[in-house]
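Note sheet for the following structure.
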Amino acid sequence: MNEAVLEKQSRFEWVKKHPLFVSMSVLAILILLIALFAPYITPYNPFETNVTQAYQPPSARHWFGTDKLGRDLLSRIIYGTRISVPSSLILVFLTFIIGSVLGIIAGYSGSYIDALIMRIADMMISFPGMVLAIAIAGILGASIVNAVLALTVIGWTKYARLARSLTLRIKNQDYIVAARLAGASHFAILKDHVFINTLPVLLVTATLDIGTMMLELAGLSFLGFGAQPPLPEWGLMLNEGREFMLAYPWLMVFPGLAISVVVIIFNLLGDSVRDIIDPRGNYD
Amino acid sequence: MNTKRILIRLSQILIVLLGVSFITYALIYFSPGDPVRIMFASTGTIPTEEVLQETRIRLGLDKTFFIQYGTWLGNVLRGNFGTSFSFQKPVIDVLLQRMGPTIALAVMSLIIMLLFSIPLGVLSAVYKDKWEDNVIRGVTFLGITIPNFWLGLIFLYIFALRLGLFPVVSTTVSLKSLFLPALTLAVAMTAKYTRQVRTAVLEELSQDYVIGLRARGMSERDILLKHVLPNSALPLITLLGLSLGSLLGGTAVVEVIYSFPGLGNLAVQAVTAYDYPLIQGYVLWIALIYMVLNLIVDLSVEFIDPRIRRAA
C-alpha cells in the first residue's frame with residue numbers, strides 16, 4: 001500500500017470513530033448552506049405582504065402557514081437562519097477573542113494589569129448577566145447589532161478567566177523560559193506558545209457556547225430588545241405570534257421548533273468537539 | 001470566615017456596586033435619548049423649549065456628567081433612589097412592590113426543581129451508563145436546549161388556553177397563577193441540576209469511605225441516604241445560592257409571557273419606557289441582592305462544613 005491509501009484509510013477510521021462529530025458537522029454545514037442560499041430555496045419572498053393571504057393554516061401552498069400580513073412562514077424561517085446563525089457566531093467570536101486576549105495578557109503580565117482586568121471581570125460576573133444585557137440593549141436602542149454588543153460586554157469574562165488560568169499554568173514552564181533566553185520577544189512568546197497552547201480548551205468552550213448565545217440573542221429579540229420588525233428573526237417571530245396563539249398556533253410552533261433544532265445541532269456539535277479534543281473533561 | 005475576611009468581602013461588594021452604578025449611569029448619560037423629553041412624553045404634554053430647559057436645570061441635568069453622578073450617588077447613599085418617570089412614584093416603592101411576587105416565583109420554581117432533580121440525578125448516578133442513565137441524560141439535554149420562551153408559550157397554549165386549568169394572565173399572586181411560570185423556569189433548572197447532582201453523587205460514590213461502608217455490610221440504600229447524599233449536597237448549596245440570586249433579579253422572559261407582576265417584567269417596562277431612575281435603581285438593587293446572597297451562601301457553607309471552616 002502506498003502512503004496515500006494509508007492516509008485515506010486512517011481518515012476513514014477517524015470518521016468511523018467519531019460519528020456524532022461527523023454527523024453534527026454535516027448538519028451544521030447544512031444550516032450554513034441554507035443561510036447562504038436562502039434566496040434560492042425559499043418558495044416566497046419573506047418580506048412580501050399579501051393581506052388577502054393572512055393567517056393561512058399550513059397547507060401544500062404554504063407548508064408552515066402565513067402570518068398576520070400574509071407572509072409565508074417557511075420562507076421567513078429559512079431567512080431567519082441568515083440572522084440567528086451569523087449573529088451568534090459573531091457574538092461567540094467577539095467574546096472569545098476579547099476574553100482570550102485580555103485573559104492571556106492578564107495571566108502573562110501579572111501585577112497591576114492582571115489586577116485591573118480581573119477586577120473588571122469579577123464585577124461583570126458578580127451580577128446576573130441578562131439583567132445588564134437588557135439594560136444595555138435597551139439603553140443603546142433595540143437592534144440586533146446592539147444585542148450582540150450587550151451580550152459581548154457580559155460574555156467576555158468567561159473566556160478571560162479561563163485564558164488567564166491556562167496561561168498561569170503555561171507561563172513558567174521550561175520551554176517558555178528557554179524561548180525567552182533564546183531572545184524571543186514577549187509578543188512572539190504570547191503568539192507562538194501561550195496562545196497556541198490555550199487554544200484547544202478555549203475553542204471547546206466557544207463551540208459549546210454557540211447554542212447558548214443563540215438562545216440569549218433570540219431571548220433578547222423576543223423581549224423586543226434585539227431584531228426589529230419586519231426582520232424574520234425567530235425570537236421576534238415568536239413574540240409576534242404570541243398574541244394570536246389560540247387561533248393561529250402555527251405562528252408560535254414553527255419558529256420555536258426552528259430555534260430548538262438549530263440549538264440542539266450546535267450543542268451536540270460542541271459536546272462532540274469536547275469529547276475529541278479533551279476527553280478527560282478538564283475544560284471547565 | 002473571620003471578621004476580617006467578611007469585611008474584605010463587604011468592601012468588595014461596595015466597589016462592585018460603585019462600578020456597576022457608574023457603568024449604568026454612563027450608559028444612560030451617553031445614550032441618544034433625552035430624559036426630559038421622555039419624561040414629558042410619558043405624561044402626555046408637549047413642552048416648549050423654555051419649559052424643557054427649566055426642567056433640565058431643576059433636575060440638575062444641565063450639569064456635567066461627574067457632578068450629576070455625584071449628586072445621584074449622594075442621594076442613593078441617603079436612601080433616595082429618585083422618582084420613576086413612568087410610575088410617578090419613588091423608585092424604591094416600585095421595586096419593593098414587585099419583590100413579593102418575584103420571591104414567591106423564585107421559591108416555588110426552586111422547590112419544583114429540587115423535587116425532580118435530586119431523585120433523577122441520584123438515579124442517573126446509581127445506574128451510570130445503564131438505560132435509566134441514558135434516558136435521563138437525553139431528557140436533561142433537551143431541557144437545557146429548548147428555549148424557555150418557547151416552552152412558556154407551549155405551556156400557556158396547552159394548559160391555560162386550551163384546557164383552561166390556569167389563568168392566562170397572572171396579575172394576582174396565588175398558587176394557581178404561580179404554577180405555570182414556576183414550572184417553565186423549573187424545566188431548564190431541573191435539567192441543569194440533575195446533571196450536577198449526578199456528578200456530585202458519582203464523585204462521592206468513588207470515595208474510599210463508600211468501599212469501607214460496603215465492606216462493613218451496610219446496605220446500598222443506607223450508604224446512599226445517610227452518607228453519599230449529605231456529602232454531595234455541599235457543592236450544590238453554592239449553586240443554589242447563585243440560582244436564587246438570578247431568579248430574584250426577575251426572569252424577564254417568563255414573566256413577560258405570563259404577564260407576571262415581578263421584577264423581570266418591571267425591568268422590561270422600565271427599559272421600554274426609558275425610565276432612567278427606575279433602570280438605575282433596579283440594576284443597583286439586583287446587584288446588591290445577588291452579592292449579599294452569595295456572601296450568605298459562602299458563610300453558610302463554611303458553617304455547615306467543618307473542613308472549609310478549618311481551612312479558612
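Keep in mind that this is a model prediction, so the values were computed, not measured. Every chain is numbered from 1, with letters handed out A, B, ... down the list of sequences.
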Examine whether an atom of [X] lies under 4.5 Å from a heavy atom of chain A, and if so say whether it belongs to the side chain, the backbone or both; otherwise answer neither.
{"X": "B:Ile279", "answer": "side chain"}
{"X": "B:Ile13", "answer": "neither"}
{"X": "B:Leu142", "answer": "side chain"}

With chain B as the partner, which of [options] has the greatest number of non-hydrogen pairs under 4.5 Å?
{"options": "A:Val263, A:Ile264, A:Ile134", "answer": "A:Ile264"}
{"options": "A:Ile120, A:Leu268, A:Val261", "answer": "A:Leu268"}
{"options": "A:Asn239, A:Thr212, A:Leu257", "answer": "A:Leu257"}

Any side-chain to backbone donor/acceptor pair from [X] onto [Y]? Under 3.5 Å, distance only.
{"X": "B:Trp285", "Y": "B:Ile92", "result": "no"}
{"X": "A:Trp234", "Y": "A:Ile77", "result": "yes"}
{"X": "B:Tyr193", "Y": "B:Leu240", "result": "yes"}
{"X": "A:Thr66", "Y": "A:Tyr55", "result": "yes"}

- Query: So which bits of residues 216-224 of chain A come within less than 4.5 Å of chain B, counting non-hydrogen atoms only?
  - Reply: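 Residues A:Ala218, A:Gly219, A:Phe222, A:Leu223 are the ones that qualify, each having a heavy atom under 4.5 Å from chain B.
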- Task: Let me know if A:Phe225 has heavy atoms under 4.5 Å from chain B in its side chain, its backbone, both or neither.
- Result: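 For A:Phe225, the contact with chain B is made by the side chain alone.
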- Query: In terms of heavy-atom proximity below 4.5 Å to chain B, should A:Leu238 be classed as side chain, backbone, both, or neither?
  - Reply: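 Contact with chain B involves both backbone and side-chain atoms of A:Leu238.
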- Is it true that B:Asp133 and B:Arg137 have a side-chain N and a carboxylate O under 4.0 angstrom from each other?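 The answer is yes: the pair qualifies as a salt bridge.
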- Does B:Tyr29 have its ring centroid less than 6.0 Å away from the ring centroid of B:Tyr276?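 No, ring centres 6.0 Å or more apart.
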- Query: In terms of heavy-atom pairs under 4.5 Å, which option from B:Ile15, B:Ile146, B:Ile257, B:Thr272 contacts chain A the most?
  - Reply: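 With the most close heavy-atom pairs to chain A, the winner is B:Ile257.
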- Heavy-atom pair with the smallest gap, counting every atom of A:Arg242 and B:Val256: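 Between these two residues, the closest heavy atoms are NH1-O, 3.5 Å.
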- Query: Between B:Gln280 and B:Tyr25, is any pair of side-chain heavy atoms under 4.5 Å apart?
  - Reply: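 Result yes, sub-4.5 Å side-chain heavy-atom pair found.
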- Message: Apply side-chain contact (heavy atoms from CB on, under 4.5 Å) to residues A:Phe64 and A:Leu251 and explain how you reach the verdict.
- Response: CA-CA 8 Å; A:Phe64 288 180; A:Leu251 288 179; over 6 Å; no
- Task: Would you please name every residue forming a ring pair (Phe, Tyr, Trp, His ring centres under 6.0 Å) with B:Phe87, sequence neighbours left out?
- Result: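 Result, ring pair (Phe, Tyr, Trp, His ring centres under 6.0 Å) vs B:Phe87: none returned.
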